[in-house]
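Below: one structure, written as structure tokens.
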Protein chains: 2
Amino acid sequence: MSEDAALRLDEQLCFKLYAASRAVIRGYRPMLESLGLTYPQYLAMLVLWEWRDAPPAHPTVKALGERLALDSGTLTPLLKRLEHLGLVQRQRGRPDEREVHLALTEAGAALRDRVGPLRDALMCRAGLERGGLGALREQLDGLLAQLTGSG
Amino acid sequence: MSEDAALRLDEQLCFKLYAASRAVIRGYRPMLESLGLTYPQYLAMLVLWEWRDAPPAHPTVKALGERLALDSGTLTPLLKRLEHLGLVQRQRGRPDEREVHLALTEAGAALRDRVGPLRDALMCRAGLERGGLGALREQLDGLLAQLTGSG
DNA sequence: GTGAATTGAGTTGTGTGCAATTCAATAGCG
DNA sequence: CGCTATTGAATTGCACACAACTCAATTCAC
């Protein structure tokens with residue numbers, strides 16, 4: 001492949017990823033608006049809902065940050081907004097007071113039941129519910145492993 | 001698939017896309033820092049470099065926005081930064097003074113020569129240069145078509 | 001035990017994304 | 001021609017991302 005061709009935008013996997021990611025987020029927006037959440041807030045809630053069933057030893061900001069690959073600079077204000085919405089409780093850890101432990105409120109736990117139907121509608125609209133999407137997931141897994149492992 | 005499983009974060013294609021996209025951008029960062037560009041600025045430059053060879057009828061903010069799926073709210077300040085860096089010229093269109101036409105400066109055009117080697121290094125590090133990534137690209141194409149077509 | 005290094009959140013500053021709005025310029029229509 | 005609708009940028013406001021930094025709490029080395 002020539003140098004010029006290699007630099008063409010359409011050839012750039014990076015741009016496709018970036019564009020596809022933003023397109024998916026745009027697709028989620030109407031559904032999330034009806035829940036009063038932004039997309040990163042929704043991802044944080046997904047993790048907290050998972051943790052309701054199998055909580056880690058320390059459900060802290062750090063643990064959430066590792067799960068989402070986001071740092072405290074992003075998560076602290078985001079979690080304060082979720083707290084302000086009455087969905088999440090933040091509490092200083094004991095005995096380690098550096099940690100902030102996260103827990104769902106009743107409203108936060110209840111919100112999960114409203115997500116399923118909306119998500120199905122979106123997946124259906126995006127044509128994602130069946131077929132070759134498993135392969136895409138696996139390739140993204142591989143890409144992530146490459147980038148976080150060797151990068 | 002059960003409802004709970006469907007909501008598991010790992011199953012969410014949306015999260016994988018989001019995480020992979022950010023990981024790729026993180027990977028590009030050191031290379032782009034040496035060029036003095038952010039990632040969206042780099043994408044804009046890619047388009048302008050392409051247009052140097054085959055410019056559209058109107059290389060305007062609108063045309064760039066359609067190429068990158070970004071609106072003027074994002075592009076106007078971004079392009080002002082590129083102008084301030086001396087890489088891009090912005091000029092009100094004639095005869096239509098609503099349009100803003102974009103052109104590379106000499107420095108902006110010259111910057112392209114510094115990208116190739118750096119990009120190769122990154123692609124290599126990410127294991128992206130050959131092999132099964134074409135399939136990933138195609139699947140992202142399909143996903144984008146689904147989301148922008150029917151969404 | 002005590003001082004140095006580390007760790008977990010939080011803060012600050014810059015640069016996106018994107019909805020909503022504004023505004024001037026142009027196009028469309030009778 | 002005059003009037004309205006549309007269009008292209010720009011602006012505003014909010015919420016991320018993320019680097020760099022601060023600070024208090026804890027851990028480690030000796």
Side-chain angles (χ1 to χ4, degrees), chain A residues 15 18-30 32-33 36-45 56-85 88 90-102, chain B residues 15 18-30 32-33 36-45 56-85 88 90-102:
Chain A
F15 174 67
Y18 166 81
S21 175
R22 285 188 298 124
V24 167
I25 292 173
R26 267 196 298 276
Y28 269 75
R29 174 176 275 268
L32 294 178
E33 229 158 41
L37 296 176
T38 66
Y39 183 75
Q41 288 167 8
Y42 168 65
L43 294 180
M45 292 301 291
H58 297 287
T60 60
V61 174
K62 177 181 174 57
L64 181 62
E66 282 168 358
R67 193 81 172 80
L68 297 176
L70 291 170
D71 70 2
S72 69
T74 300
L75 286 179
T76 294
L78 185 153
L79 290 167
K80 282 183 178 173
R81 282 176 209 117
L82 289 179
E83 186 180 38
H84 198 257
L85 289 171
V88 166
R90 297 161 64 245
Q91 203 166 10
R92 279 287 160 187
R94 269 176 303 178
D96 191 336
E97 291 195 6
R98 288 171 304 181
E99 300 175 341
V100 167
H101 289 252
L102 304 172
Chain B
F15 173 67
Y18 166 79
S21 176
R22 285 189 298 124
V24 168
I25 292 173
R26 267 197 298 276
Y28 269 76
R29 175 175 274 268
L32 294 178
E33 229 158 42
L37 296 176
T38 66
Y39 182 75
Q41 288 166 9
Y42 168 64
L43 294 181
M45 292 301 291
H58 297 286
T60 60
V61 173
K62 176 181 174 59
L64 181 62
E66 282 168 357
R67 194 84 171 78
L68 297 176
L70 291 170
D71 70 2
S72 67
T74 300
L75 286 178
T76 295
L78 185 153
L79 289 168
K80 282 183 178 174
R81 284 178 206 114
L82 289 180
E83 186 179 38
H84 198 256
L85 289 171
V88 166
R90 297 162 62 246
Q91 203 165 10
R92 280 287 160 186
R94 270 177 301 179
D96 191 337
E97 291 196 5
R98 288 172 305 183
E99 299 175 340
V100 167
H101 289 252
L102 305 171

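Each chain gets a letter, A, B and so on, in the order its sequence line appears, and its residues count up from 1.
Using a cut-off of 4.0 Å between Lys/Arg side-chain N and Asp/Glu carboxylate O, A/E83 and A/R90 are scored as salt-bridged.
Using a 4.0 Å heavy-atom distance criterion, B/S72 is classed as a base contact. At a threshold of 4.0 angstrom between heavy atoms, the contacts of A/A63 with the nucleic acid are absent. Residue A/L78 is classed as a sugar-phosphate contact, given heavy-atom separations below 4.0 Å to backbone atoms only. The residue B/P77 sits apart from the nucleic acid: no heavy atom pair falls under 4.0 Å. Within the nucleic acid shown, A/R94 has no heavy atom closer than 4.0 Å to any nucleic acid atom. A/A44 comes within contact range of no nucleotide atom at all, as no heavy-atom separation falls under 4.0 Å. Residue contacts shown for B/T74 include a base, since a base heavy atom lies under 4.0 Å away.
Along DNA chain C, the nucleotide closest to B/I25 and the one closest to B/D96 are compared, and the more 5′ of them pairs with B/I25. Mapping A/T76 and A/R29 onto DNA chain C by nearest heavy atom places A/T76 closer to the 5' end of the strand. When each of B/E33 and B/K62 is assigned the nucleotide of DNA chain D bearing its nearest heavy atom, the one mapping closer to the 5' terminus is B/K62.
Side-chain contact between A/L82 and A/L37 is present, with at least one heavy-atom pair separated by less than 4.5 Å.
Atom CG of A/L85 is separated from atom C1' of D/dA15 by 12 Å (rounded to the nearest Å). Distance CG (A/L64) to P (D/dC16): 12 Å, rounded to an integer number of Å. In this structure, B/R92 places its CZ atom 8 Å from P of D/dA9, rounding to the nearest Å. When the P atom of D/dA5 is taken as reference, atom CZ of B/R98 falls 16 Å away, rounded to whole Å. One atom, CZ of A/R81, and another, P of D/dA17, lie 10 Å apart when rounded to the nearest Å. In this structure, A/L68 places its CG atom 15 Å from C1' of D/dC18, rounding to the nearest Å. Here the C1' atom of nucleotide D/dC16 and the CG atom of A/L43 are 12 Å apart, to the nearest Å. Remark: C1' of D/dT27 and CD of A/E97 are 16 Å apart, rounded to the nearest angstrom.
Below 30°, between 30° and 60°, or above 60°: for A/H58 and A/H101 the angle between ring planes is above 60°, a perpendicular geometry.
Ranking D/dA9, D/dA17, D/dA25 by closeness to the A/P40 side chain, first place goes to D/dA17.
Screening residues 59-81 of chain B for ring pair (Phe, Tyr, Trp, His ring centres under 6.0 Å), with sequence neighbours left out, gives no hits.
Relative to the ring axis of A/Y18, A/R22 places its NZ or CZ within 45° and under 6.0 Å from the centre.
A pairwise comparison of heavy atoms in A/A44 and A/L78 identifies CB-CD2, 4.0 Å as the closest pair.
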_Checking A/Y39 against A/L32 for the side chain to side chain contact (heavy atoms under 4.5 Å, CB included) test, could you report, in this order, the C-alpha distance in whole Å, the side-chain angles of both residues, the deciding distance, and whether it holds?_
CA-CA 7 Å; A/Y39 183 75; A/L32 294 178; 4.0 Å; yes
*asked:* For a side chain to side chain contact (heavy atoms under 4.5 Å, CB included) check, start with the C-alpha distance between A/L64 and A/L102, then their side-chain angles and the critical distance, and finish with the verdict.
replied: CA-CA 9 Å; A/L64 181 62; A/L102 304 172; 3.8 Å; yes
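For DNA chain C, the span of nucleotides reached by chain A at under 4.0 Å from its heavy atoms goes, 5' to 3', from C/dT7 to C/dA19.
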